[in-house]
Amino acid sequence: MGSKDKKEQDDAFNVLQEITDVLVDEEEKARLAEKAEKKRLKKEMTKEERQAQREINRKNREKKKSKKDLNKKRKRGELTDDEEEEKEEPKEPVLDADGNVVEPVKKPKAEKKKKEMEYGIWVGNLSYGTTLATIKEFFKECGEITRIKCPKGNGAKNYNKGFAYIFFSTPEEAAKGVAMSEKKLEGRSLLIKDSENFERADGSKAPTEAEKREIKKQKNPPCPTLFLGNLSFDTTEKSIREQFEWAGEIRKVRMATFEDSGKCKGFGYVDYHEVESATKAIRAPDKHMLDGRKVRVEFGSAEAHMRSKPWLMREKQKAERPHNTSNDAAADSTAAAAAASASEEQPYKRQRKDYNQGGEHGEEKREFRERRPKKAVNHEKVKPGQALYAAQRQKPSVQEFKGTKVTFD
């Protein structure tokens, strides 16, 4: 049994694991020793040495920050060659065997290829089945086409998303392409304009992606009234008008206030003259700041817009009310009079019919009702508790016992 246990212990021993544990322990000890040494040196430093060390650390941080900013500018392409040479860090001088400074040999910089100027046009109202070859063939008479940017559709046979960008080498060729607007390609009239022209047919600019996201958040349809939420209690109508009048002429500013203090309740409404002004204000989320707070700006509901114009409310109520002409009114009055007379005659006719059907029995009932004395009806309202107070009570009296007495032996 002893040899078997020894063999199991030998098998359980892992040389690699043991060596790794030893190396880890050594590294940890070295790290702790270095940390303790730094702490000791820091305690032994004088005030001037600590100040000098802080200055060195500050310069190192600034150096890292400037290097980081330089790399960001390089990625964005905002740094020119001259600025890049100025920003380069000074390198340590290289010395030869005799101790003289050796000037480093500068490598000639590779010449950057200049980007060729392109002049593009935007083509819209394309058929989804139009291919790149068809587009190229259609515009070949305008001039040399450098490239075509045509996003592909989602379907299997959708070769495009209904629009494309076509780039030419000269502005004259691009102008020829724009002149081909309204010409038909595969049965569809094309809409062509300059690629840098973002204005719509009505003169308004197409919204950006950020503006589209802002408009998609809206719950109500576009209207001239804007709802403002998350306002400060110190907000005034004047500050609201000054903040939002850049989008267009404001007709009215309505702010909910407390009755006692007159301060803002935290919400209000801005009524513009035009819907375009309200839409313009919605599209600028960077201008939704007032009194240091991010204001929630939304299109107002139809009811809120109606409250801003009381005459609209009156017109709506008038439209819902039925319109009666003079003939209709006369016919209605005649019908009402006939209905009233019929309602008055109906009980008498029904009663007479009952008497006729009843014969002598009906006559007897009528004579009995006529002979029966009528009770005086008191319509005065009885006060609470008066009926109970006026109710007749039984008088207490001694009654003579007339029963049999039971006795037990």
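Note that the structure is a prediction, hence the values are computed from the model and not measured. Just the heavy atoms: all of them, side chains too, but no hydrogens, waters or symmetry mates, feed the values below.
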Novice: Mark yes or no for whether Ser239, through its side chain, and Thr236, through its backbone, hold a donor-acceptor pair below 3.5 Å.
Specialist: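 Indeed, once roles are kept as given, a pair shorter than 3.5 Å links the two residues.
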Novice: Report the residues that fulfil side-chain hydrogen bond (donor to acceptor under 3.5 Å, both in side chains) with Glu141, sequence neighbours left out, ordered by chain and then residue number.
Specialist: none
Novice: In Å, rounded to the nearest 0.5 Å, how long is the span from NZ of Lys59 to NZ of Lys64?
Specialist: 16.0 Å
Novice: Please check if the side chain of Asn160 supplies one atom and the backbone of Thr130 the other of a donor-acceptor pair under 3.5 Å.
Specialist: yes
Novice: Roughly how far, to the nearest 0.5 Å, is the NZ atom of Lys35 from the CG atom of Leu32?
Specialist: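 So the CG of Leu32 and the NZ of Lys35 are separated by 7.5 Å.
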Novice: How long is the straight-line distance from NZ of Lys65 back to CG of Asn60, given to the nearest 0.5 Å?
Specialist: 15.0 Å
Novice: Does atom OH (Tyr119) have a neighbourhood of more than 12 heavy atoms from anything else shown, all under 6.0 Å?
Specialist: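 Check passes, neighbour count above 12.
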Novice: Pick out which of Asn230, Val297, Val295 makes a side-chain contact (heavy atoms from CB on, under 4.5 Å) with Leu290.
Specialist: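 For Leu290, the side-chain contact (heavy atoms from CB on, under 4.5 Å) check succeeds only for Val295.
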Novice: Considering only heavy atoms from C-beta outward, does the side chain of Thr279 approach that of Phe299 to under 4.5 Å?
Specialist: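 Counting from C-beta outward, Thr279 and Phe299 do come under 4.5 Å.
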Novice: With distance as the sole test, does His305 use its side chain to make a donor-acceptor pair with the main-chain N or O of Ser301 at under 3.5 Å?
Specialist: no
Novice: What heavy-atom pair brings Cys223 and Ala278 nearest, and what distance separates the two atoms?
Specialist: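 So the two residues come closest at O-CB, 3.4 Å.
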Novice: Test of understanding: with ring-ring contact (aromatic ring centres under 6.0 Å, His included), list the residues that count as partners of Tyr269, not counting sequence neighbours.
Specialist: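 By the ring-ring contact (aromatic ring centres under 6.0 Å, His included) rule, Tyr269 matches Phe227.
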Novice: Is the closest basic N to carboxylate O distance between Arg58 and Glu62 below 4.0 Å?
Specialist: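 Here Arg58 pairs with Glu62 in a salt bridge, since their nearest N and O are under 4.0 Å apart.
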Novice: State which residues pass ring-ring contact (aromatic ring centres under 6.0 Å, His included) with Phe168; sequence neighbours excluded, sorted by chain then number.
Specialist: none
Novice: Does anything in residues 293-304 form a salt bridge (Lys or Arg N to Asp or Glu O under 4.0 Å)? List the pairs, not counting sequence neighbours.
Specialist: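 Sorted pair list: Arg296-Glu298, Glu303-Arg307.
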Novice: Can you name the side-chain hydrogen bond (donor to acceptor under 3.5 Å, both in side chains) partners of Arg188, sequence neighbours left out?
Specialist: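 So Arg188 forms a side-chain hydrogen bond (donor to acceptor under 3.5 Å, both in side chains) with Asn125.
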Novice: Can you name the one residue among Ile250, Asp291, Thr235 that meets side-chain contact (heavy atoms from CB on, under 4.5 Å) with Ile240?
Specialist: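 Result: among Ile250, Asp291, Thr235, Thr235 is the only option passing the side-chain contact (heavy atoms from CB on, under 4.5 Å) with Ile240.
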Novice: For Ala164 and Ile135, work out which heavy atoms get closest and say how close.
Specialist: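 For Ala164 and Ile135, the tightest heavy-atom pair comes out as CB-CD1, 4.4 Å.
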Novice: So do the side chains of Ser189 and Lys183 get within less than 4.5 Å of each other, counting heavy atoms only?
Specialist: no
Novice: Set out, in order, the CA-CA distance, both residues' side-chain angles and the distance that settles side-chain contact (heavy atoms from CB on, under 4.5 Å) for Phe139 and Ile145, then state yes or no.
Specialist: CA-CA 8 Å; Phe139 288 97; Ile145 297 174; 4.0 Å; yes
Novice: For the pair His273 (side chain) and Pro224 (backbone), establish whether a donor and an acceptor sit closer than 3.5 Å, ignoring hydrogens and angles.
Specialist: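 Pair absent, no side-chain N/O of His273 close to backbone of Pro224.
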Novice: Any chance you could measure Leu231, atom CG, to Cys264, atom SG, to the nearest 0.5 Å?
Specialist: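 With rounding to 0.5 Å, CG (Leu231) is 5.0 Å from SG (Cys264).
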Novice: According to salt bridge (Lys or Arg N to Asp or Glu O under 4.0 Å), does anything in residues 126-139 pair up with another residue at least two apart or in another chain? List the pairs.
Specialist: Glu137-Lys140
Novice: Just so I know, are the side chains of Val270 and Leu228 near enough to count as touching, which here means a heavy-atom distance under 4.5 Å?
Specialist: yes
Novice: Closest heavy-atom contact between Thr134 and Leu185?
Specialist: CG2-CD1, 4.0 Å
Novice: List the residues meeting salt bridge (Lys or Arg N to Asp or Glu O under 4.0 Å) with Arg147, not counting sequence neighbours, and say none if there are none.
Specialist: Glu118
Novice: Can you name the closest pair of heavy atoms from Ala281 and Leu226 and give their distance?
Specialist: CB-CD1, 3.7 Å
Novice: So which heavy atom on Ala247 is nearest to which on Tyr272, and how close?
Specialist: CB-OH, 3.8 Å
Novice: Show your reasoning for whether side-chain contact (heavy atoms from CB on, under 4.5 Å) applies to Glu249 and Ser277.
Specialist: CA-CA 8 Å; Glu249 188 179 355; Ser277 302; over 6 Å; no
Novice: Does a side-chain heavy-atom distance below 4.5 Å link Ser308 with Arg251?
Specialist: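 Contact flag for Ser308/Arg251 side chains = yes.
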Novice: Taking only residues at least two apart or on different chains, which pairs with a member in residues 253-276 satisfy salt bridge (Lys or Arg N to Asp or Glu O under 4.0 Å)?
Specialist: Asp234-Lys263, Arg254-Asp271
Novice: Check whether Lys280 reaches the backbone of Gly248 with its side chain - one donor and one acceptor, N or O, closer than 3.5 Å.
Specialist: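 Side chain of Lys280 to backbone of Gly248, a donor-acceptor pair under 3.5 Å: no, none is there.
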Novice: State which residues pass side-chain hydrogen bond (donor to acceptor under 3.5 Å, both in side chains) with Thr257; sequence neighbours excluded, sorted by chain then number.
Specialist: none
Novice: If only atom types and distance count, is the side chain of Ser181 paired as donor or acceptor with the main-chain N or O of Leu191 below 3.5 Å?
Specialist: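 Absent.
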Novice: List in chain and number order the residues that pass salt bridge (Lys or Arg N to Asp or Glu O under 4.0 Å) with Arg40, two or more places apart in sequence or in another chain; answer none if no residue qualifies.
Specialist: Glu37, Glu44
Novice: Assess whether side-chain contact (heavy atoms from CB on, under 4.5 Å) is satisfied between Lys38 and Leu41, documenting all intermediate values.
Specialist: CA-CA 5 Å; Lys38 285 182 179 180; Leu41 291 173; 5.8 Å; no
Novice: Step by step, work out the side-chain contact (heavy atoms from CB on, under 4.5 Å) result for Lys67 and Lys63.
Specialist: CA-CA 6 Å; Lys67 190 176 180 180; Lys63 189 176 176 182; 5.9 Å; no
Novice: Atom CD of Glu34 and atom NZ of Lys39: how far apart are they, to the nearest 0.5 Å?
Specialist: 13.5 Å
Novice: Distance check, rounded to the nearest 0.5 Å: Lys149 atom NZ versus Ser195 atom OG?
Specialist: 10.5 Å
Novice: Looking at every heavy atom in both Gly129 and Glu186, which two are closest together, and how far apart are they?
Specialist: C-OE1, 4.3 Å
Novice: Using 30° and 60° as the class boundaries, would you call the ring planes of Tyr165 and Phe163 parallel, tilted or perpendicular?
Specialist: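 The arrangement is perpendicular - the two ring planes meet at more than 60°.
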Novice: Got a sec, which residues hit side-chain hydrogen bond (donor to acceptor under 3.5 Å, both in side chains) with Glu144, two or more places apart in sequence or on another chain?
Specialist: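 For Glu144, no residue satisfies side-chain hydrogen bond (donor to acceptor under 3.5 Å, both in side chains) once neighbours in sequence are set aside.
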Novice: List in chain and number order the residues that pass salt bridge (Lys or Arg N to Asp or Glu O under 4.0 Å) with Glu182, two or more places apart in sequence or in another chain; answer none if no residue qualifies.
Specialist: none
